[in-house]
Amino acid sequence: MKAMRTQVGIVGAGPAGLMLGHLLHLAGIDSIIIEDRAQDYVIERVRAGVLEQTTVDLLNESGVGSRLQREGMFHDGIYINVFGNRRRIDIAALTGRRITVYGQNEVVKDLIAARSSTGRPLLFEVADVSVHDLESEQPKIRFTQDNTSCEIQCDFIAGCDGSHGICRASIPSNHIRIYERIYPFGWLGILADAAPSSPELVYSVHERGFALFSMRSNAVTRLYLQCAPDEDVSKWSDDQIWDELLTRLHSNDGWKPNVGPITQKGVTGMRSFVTEPMRYGRMFLAGDAAHIVPPTGAKGLNLAMADVWRLSRAVASYYQSGCDELLDHYSEDCLRRVWRAQQFSWWMTSMLHRPNTGNPFDSRRQLAELEYVTNSRAAMTSLAENYAGFPINE
Ligand code: FAD
Ligand code: PHB
């Protein structure tokens with residue numbers, strides 16, 4: 001058995017785990033990050049694209065924002081296409097804040113580079129990960145690497161291992177409460193080598209279902225279609241995907257996405273999920289390990305960043321002053337933001353996807369809501385404020 005010791009043992013090298021390791025490093029706190037996947041897999045996994053101003057500020061202030069400043073795409077607004085009528089919500093004018101499109105995999109790449117330059121451990125392709133003695137002062141992480149059993153003795157464990165990780169699953173069920181809602185649809189997402197034909201995102205409501213136009217760079221478009229949660233993506237030819245996208249994104253002002261070769265496709269189910277509290281003993285959950293939002297509000301990655309900002313401050317305060325206060329408030333403080341994002345993500349999802357109740361009342365009510373949200377300054381301000389995100393300490 002190979003024995004190691006650190007102040008904070010971090011399980012998972014997604015955005016939450018890597019950013020936590022980075023913030024702890026800046027505070028002079030030692031950590032070991034372990035990840036069960038290979039580095040290339042973690043970097044290439046295509047996921048989020050929209051960063052709140054708060055997330056961008058955090059990346060800049062912590063010294064990992066220089067490529068983002070050069071390559072990020074700064075957006076002042078979004079479009080909502082209501083059955084062919086495309087209307088713009090001017091987020092910058094309504095809130096004074098803007099959003100940035102910069103792929104999650106680029107954020108992960110920048111954080112891995114920052115970690116490597118510190119020389120602090122970041123171990124990929126570990127197996128059989130488990131956590132132990134969580135209620136004690138010396139919790140432990142065990143795993144194997146290259147057929148060697150390893151144990152890390154920690155002061156704290158951070159469970160940053162996403163929605164299917166082992167950390168949350170290691171908490172006795174009578175110590176946590178789970179809140180969950182599964183939606184009766186998913187998103188079929190593609191990446192295409194096509195220049196974005198709109199400088200801003202287009203969320204589109206159509207009789208055949210929701211579609212979203214987004215992007216990754218001046219040459220790459222990211223698009224999504226509402227589909228069944230268990231949709232078999234292999235049954236869709238590229239031509240069928242484009243036909244459906246062009247139909248659902250159709251806009252009476254003549255706008256349409258540019259078509260190009262599809263380079264990646266996949267289906268994601270949609271759910272809302274919250275674990276309370278986000279702590280058990282000396283193990284703290286952060287990011288998707290603690291909560292999931294449907295992607296319609298573009299909040300998941302941003303919540304993960306806000307969690308680890310809070311956790312790094314709480315841990316730093318513990319080492320500086322021996323005081324547990326911020327650690328004791330961690331879960332409650334995170335959950336306020338989490339529930340606000342849950343509400344917003346649920347609302348955006350319900351408003352933009354076609355109701356499948358079969359009751360015409362629901363369709364007419366949805367149209368009235370969309371008319372209100374895209375015409376009333378008060379309603380647009382509310383959407384814009386939530387979409388652009390709140391200050392990190394709220
Ligand atoms: P993850 O990214 O899931 O990272 C967890 C890591 O832990 C992974 O690398 C995993 O391999 C590792 N791991 C798992 N189990 C173990 C184990 N046993 N041992 C060691 N390591 C383990 N969010 C936004 O903010 N904006 C968006 O626009 C947006 N769009 C999205 C679009 C889609 C299609 C999807 C699916 C998600 C989207 N999200 C968006 C959500 C966002 O991608 C997630 O919220 C984000 O990845 C959470 O980061 P995380 O680090 O908490 O978890
Ligand atoms: C994305 O670009 O992947 C994206 C954008 C907005 C969302 C979800 C995903 O709401």
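All ligand and atom numbering here is 1-based and tracks the order in the structure.
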Which is it for Ile34 and ligand 1 at heavy atoms under 4.0 Å: side chain, backbone, both or neither? backbone
Taking only heavy atoms of Leu201, which atoms of ligand 2 are found under 4.0 Å from at least one of them? 5 (C), 6 (C)
Of the choices Ser345, Ala169, Ala298, Ala341, which has the non-hydrogen atom that lies closest to atom 26 (N) of ligand 1? Ala298
Need the ligand 1 atom indices (1-based, order shown) with element for anything under 4.0 Å from a heavy-atom of Gly300. 23 (N), 24 (C), 25 (O), 41 (C), 45 (O)
Should the pair Glu106-Arg67 be classified as a salt bridge under the 4.0 Å nitrogen-to-oxygen rule? yes
What part of Thr268 sits under 4.0 Å from ligand 1 if we count only heavy atoms: the side chain, the backbone, both or neither? side chain
If you count the non-hydrogen atoms of other residues, nucleotides and ligands that lie under 6.0 Å from CD in Glu180, is the total more than 12? yes
Report the part of Val11 (side chain from C-beta onward, or backbone N, CA, C, O) that has a heavy atom under 4.0 Å from ligand 1; answer both or neither where that applies. side chain
Under a 3.5 Å cutoff, is there a donor and acceptor pairing between the side chains of Trp339 and His291? no
Do other residues, nucleotides or ligands put more than 12 heavy atoms under 6.0 Å from the CH2 atom of Trp346? no
Only heavy atoms of Gly162, strictly under 4.0 Å: list the atoms of ligand 1 that pass. 3 (O), 5 (C), 53 (O)
Thr144 and Asp128: side chain donor to acceptor below 3.5 Å: yes
Check the side chains of Trp236 and Glu231 for a donor-acceptor pair under 3.5 angstrom, ignoring hydrogens and angles. yes
Given Glu125, Met305, Arg222, Gln104, which has its nearest heavy atom closest to atom 46 (C) of ligand 1? Gln104
If only side-chain N and O atoms count, and only distance matters, is there a donor-acceptor pair under 3.5 Å linking Asp193 with Thr263? no
Applying a strict 4.0 Å limit to heavy atoms, is Arg216 in contact with ligand 2? yes
Which ligand 1 atoms does Gly49 reach within 4.0 Å, using its non-hydrogen atoms? 27 (C), 28 (O)
Counting heavy atoms under 4.0 Å, the part of Lys299 that contacts ligand 1 is backbone
Interatomic distance, CG@Asp324 vs OG@Ser317, rounded to 0.5 Å, equals 8.5 Å
Any idea which protein heavy atom is nearest atom 8 (C) of ligand 2, and the distance to it? Pro295 O, 3.3 Å
Any non-hydrogen atom of Arg45 lying under 4.0 Å from ligand 1? yes
Does the side chain of Asp362 pick up a donor-acceptor pair with the side chain of Gln366 at under 3.5 Å? no
One should read off an interatomic distance between Leu23 CG and Ile29 CD1, to the nearest 0.5 angstrom, of 10.0 Å
Mark up the atoms of ligand 1 that fall under 4.0 Å of a heavy atom belonging to Cys160, in ascending order. 5 (C), 6 (C), 7 (O)
Check each atom of ligand 2 against the heavy atoms of Val50 and keep those under 4.0 Å away; list them by number with element. 5 (C), 6 (C)
Does Pro15 reach ligand 1 with a nitrogen or oxygen that is under 3.5 Å from one of the ligand's nitrogen or oxygen atoms? yes
From the candidates Tyr224, Phe213, Tyr102, the one that places a heavy atom nearest atom 4 (C) of ligand 2: Tyr224
Would you mind checking which non-hydrogen protein atom is closest to atom 2 (O) of ligand 2, with the distance to 0.1 Å? Ser214 OG, 2.6 Å
Numbered atoms of ligand 1 (with element) below 4.0 Å of Arg47, judged on heavy atoms: 1 (P), 2 (O), 3 (O), 43 (O), 47 (O)
Of all the heavy atoms in Gly189, does at least one lie under 4.0 Å from an atom in ligand 1? no
Closest to atom 32 (C) of ligand 1 (judged by heavy-atom distance), picking from Trp187, Tyr224, Phe124: Tyr224
So does Gln343 have more than 12 non-hydrogen atoms from other groups sitting under 6.0 Å from CD? yes
Consider every N or O of Gly287 and every N or O of ligand 1, then say whether any pair is closer than 3.5 Å. no
Which residue is it: Pro229, Pro295, Ser345? I am looking for the one with a side chain to side chain contact (heavy atoms under 4.5 Å, CB included) to Met270. Pro295
Under 4.0 Å from a heavy atom of Thr296: which atoms of ligand 2 are those, numbered in the order shown and with their elements? 10 (O)
With nothing but distance in play, are any N or O atoms of Asp36 less than 3.5 Å from an N or O of ligand 1? yes
Out of Ile99, Leu301, Ile43, whose heavy atom is nearest to atom 23 (N) of ligand 1? Leu301
Side-chain donor-acceptor pair under 3.5 Å between Tyr224 and Arg222, yes or no? yes
Ligand 2 atoms in contact with Arg47 (distance to a heavy atom under 4.0 Å): 3 (O)
Quick note on ligand 1: atoms under 4.0 Å from a heavy atom of Gly14 include exactly 4 (O), 6 (C), 9 (O), 51 (O)
Taking only heavy atoms of Gly165 into account, list the atoms of ligand 1 that are under 4.0 Å away from them. 15 (N)
Ligand 2 to Ala298, heavy atom cutoff 4.0 Å, flagged ligand atoms 7 (C), 10 (O)
Count the heavy atoms of every other residue, nucleotide or ligand shown that sit under 6.0 Å from CG of Asn147, and state whether that count exceeds 12. no
Close-contact set for ligand 1 against Ile166 heavy atoms, below 4.0 Å: 18 (N)
With a 4.0 Å cut-off on heavy atoms, is Leu212 in contact with ligand 2? yes
Just need the protein heavy atom nearest to atom 6 (C) of ligand 2, so name the residue and atom and give the distance. Tyr203 OH, 3.2 Å
Measure from atom 10 (C) of ligand 1 to every heavy atom in Glu35, Met270, His291 and give the option owning the shortest one. Glu35
Are Lys265 and Asp238 within salt-bridge range, i.e. N to O under 4.0 Å? yes
N or O pair under 3.5 Å between His164 and ligand 1: no
Can you tell me which portion of Arg37 lies within the under-4.0 Å heavy-atom range of ligand 1? Options are side chain, backbone, both, or neither. side chain
Tell me yes or no: between the side chains of His175 and Ser173, is some donor less than 3.5 Å from an acceptor? no
Check Ser163 against ligand 1 and report side chain, backbone, both or neither, counting heavy atoms closer than 4.0 Å. neither
Any N or O on Ala304 sitting closer than 3.5 Å to an N or O of ligand 1? no
At their closest point, which heavy atom of Ile176 faces which heavy atom of Pro277, and how far apart are they? CG2-O, 3.7 Å
